[in-house]
Protein chains: 2
Amino acid sequence: MNPTPPPPPRAPPAPVPETACRDCPLRPLKLFHEPTGEELELVQSLKRRERRLVPGEVLIHEGQTDAPLYTLLQGWAFRFKTLSDGRRQILSFLLAGDFIGVQQKMGDAAAHGVETLTDALACVFQRDALWELHRRSPMMGFNVTWLTAHEESMVDDTLLSVGRRSAEERIASLLILLFKRAGALQLDAGAGGVAFPLTQQHIADGLGLSLVHTNKTLRKLERHGLHRIAEGRLYLRDVKALARLADLYGDGRPPPRPLV
Amino acid sequence: MNPTPPPPPRAPPAPVPETACRDCPLRPLKLFHEPTGEELELVQSLKRRERRLVPGEVLIHEGQTDAPLYTLLQGWAFRFKTLSDGRRQILSFLLAGDFIGVQQKMGDAAAHGVETLTDALACVFQRDALWELHRRSPMMGFNVTWLTAHEESMVDDTLLSVGRRSAEERIASLLILLFKRAGALQLDAGAGGVAFPLTQQHIADGLGLSLVHTNKTLRKLERHGLHRIAEGRLYLRDVKALARLADLYGDGRPPPRPLV
DNA sequence: CGACGTCTTGATTAAGTTCAAAGTTTGTGG
DNA sequence: CCACAAACTTTGAACTTAATCAAGACGTCG
């Protein structure tokens, strides 16, 4: 079917100074709820350390039993599952502000792996942070539920794509969705495109397509002037046409969401 | 691509006596956590009423903005999304004990529809029950997060299937998974098979396949003696072979989970 | 330079879709 | 209890999309 080569290994990260939650680089983005001082303190108290990662580094191994909780502070990553013969499906892409590891419910084995696409920085929380969050702040607990539900609805979208959209449609919708997410995180909106660290293999694995067919479809859309990917950036040339292809409805800015 | 005919309409349900949470028919199944008296009272206080449903009835419409929260007490249902030309993807199947509606985050439009497969009974909760649950019982809030994460991990599994498994493999894994879930809910284990209300169209829509190909693949597996579906029941004849096909690992009983 | 990872393209093949048509089961009303 | 309609299942045949196979081009890094 569709095996995927093993991820590229690289040198381990060097130690770095820590960021205080109150100085979290993500807060100024007004993409998130304004936390109270108490909430900030609570999160800070649960944060164990930071972890700096290089591209292709595995944050959580499939089947790992003791994975901690993370919040991605910088960079891109993705969640994935693999079949025993190597076929891989990327379940979702993770960007700054995404919460990682709620799925491996309590002491259970991680049902999916997490790997970085770029250099990245992640907050590491102690294993019982999830419970502490709920126990000590119902609001933060509620936020975690919200984030988890939000994450699920992104997987729902992908499942719709992979199950029912053609290759062209899948790619169009992925490009639009990632463009929006990445755009929301960078100060200057879409003008000069957004950073786009995926290889075609990642796109293929995220959409249930083969590498070759992904390439051909991507080229076709590009030839028709719908988009362009160059030097690690994505430019949408004809959002209308892409949206039409993708059969995407909603377009409003995403509502503010919690940050843990 | 793959349009789906509209769901069959039927007469509206008649009013019925309500069930008290403390007499919840699901509790005895020891499939769920043992709730404290307080928790039971809390849930009871948030429960508004019950809703009895016939097969093919829509519990939540795609895009509906004021959908309440439900817990499915009896029967089967499924969550789905539809493309504007009618192609439909079933996102997950819902069985007794499943919590419905967490995804439509707070006052937002439901991103997916929910429809029954059988006669069903659902507990209806007031709209702010999600928050009340968190606020008044961190443990119940935590349970909601757990359930949401669990639900996501089921979608993850389906995405792996639809993205990377062949038709045979997809069907094998769906049959096994549903067999386990349904089996866990009926007192007598798999001996005589489990109730199985899906039509081939539902299987197709759940696996991203066409109806015709689903039928052919199903027949093939049946001819090879792997399973049998008859009179609305599913019998697994060769679980080993099915599991091998599906490339399924874990087999232990599912851990007890919360019931809200 | 050579090795490796990524992208690109053409040719061939296979899995799955679409079309068409019967056959079967189930529910309804007379 | 029968007749009929509707929904569901089954099968064959033609067609299409996407996978697989095979090479080559390009770029980066040691």
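We use all heavy atoms of the structure for the numbers below, so side chains are in, but hydrogens, waters and symmetry mates are not. Just so it is clear, the model here is predicted, and its values are computed rather than measured.
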Q: To the nearest Å, give me how far apart NZ (A:Lys216) and P (D:dT20) are.
A: 12 Å
Q: Decide yes or no for A:Gln74 and A:Thr19: does some side-chain heavy atom of the first lie under 4.5 Å from some side-chain heavy atom of the second?
A: no
Q) In whole angstroms, how far is the P atom of D:dT17 from the NE2 atom of B:His213? A) 17 Å
Q. Are A:Lys81 and B:Asp157 ion-paired here, with the side-chain N under 4.0 Å from a carboxylate O?
A. yes
Q | Phosphate OP1/OP2 of C:dT8 contacted by A:Gln200 side-chain N/O (<4.0 Å) | A | yes
Q.
Just the rounded figure in Å: distance from P of C:dT17 to CZ of A:Arg165.
A. 17 Å
Q: Starting at atom CZ of A:Arg223, determine the distance to atom P of C:dC7, rounded to an integer number of angstrom.
A: 17 Å
Q: Tell me which nucleotide among C:dT9, D:dC8, D:dA18 gets nearest to the side chain of A:Val212.
A: C:dT9
Q: Check whether any side-chain N or O of B:Arg219 sits under 4.0 Å from OP1 or OP2 of D:dT9, and answer yes or no.
A: no
Q | Distance, rounded to the nearest Å, where A:Leu209 contributes CG and C:dC7 contributes C1' | A | 16 Å
Q. If only side-chain N and O atoms of B:Asn215 are considered, is one of them under 4.0 Å from the OP1 or OP2 phosphate oxygen of D:dT9?
A. no
Q: Measure the distance from CZ on B:Arg228 to C1' on D:dT9 and round it to the nearest whole Å.
A: 13 Å
Q. In whole angstrom, what separates A:Arg87's CZ from D:dA19's C1'?
A. 12 Å
(Q) Checking side-chain contact (heavy atoms from CB on, under 4.5 Å) between B:Phe179 and each of B:Leu236, B:Val239, B:Leu242, which is the one that passes? (A) B:Leu236
Polar pairs (N or O, both sides) under 3.5 Å between protein and nucleotides 24-26 of chain C?
none

(Q) Any non-hydrogen side-chain atom of B:Ile171 less than 4.5 Å from a side-chain atom of B:Thr214? (A) yes
Q | Rounded distance in Å - CG (A:Leu207) to C1' (D:dA19) | A | 15 Å
Q. Among D:dA19, D:dA18, C:dT17, which is the nearest nucleotide to the side chain of A:Ser210?
A. D:dA19
Q. Of B:Gln89, B:Glu151, B:Glu62, B:Glu115, which is the lone residue that meets side-chain hydrogen bond (donor to acceptor under 3.5 Å, both in side chains) with B:Arg79?
A. B:Glu151
Q: Determine the interplanar angle of the B:Phe78 and B:His202 rings, folded into 0 to 90°, and report it as parallel if under 30°, tilted if 30 to 60°, perpendicular if over 60°.
A: tilted
Q. What residue among B:Arg219, B:Lys216, B:Lys220 forms salt bridge (charged side-chain N to carboxylate O under 4.0 Å, His left out) with B:Glu168?
A. B:Lys220
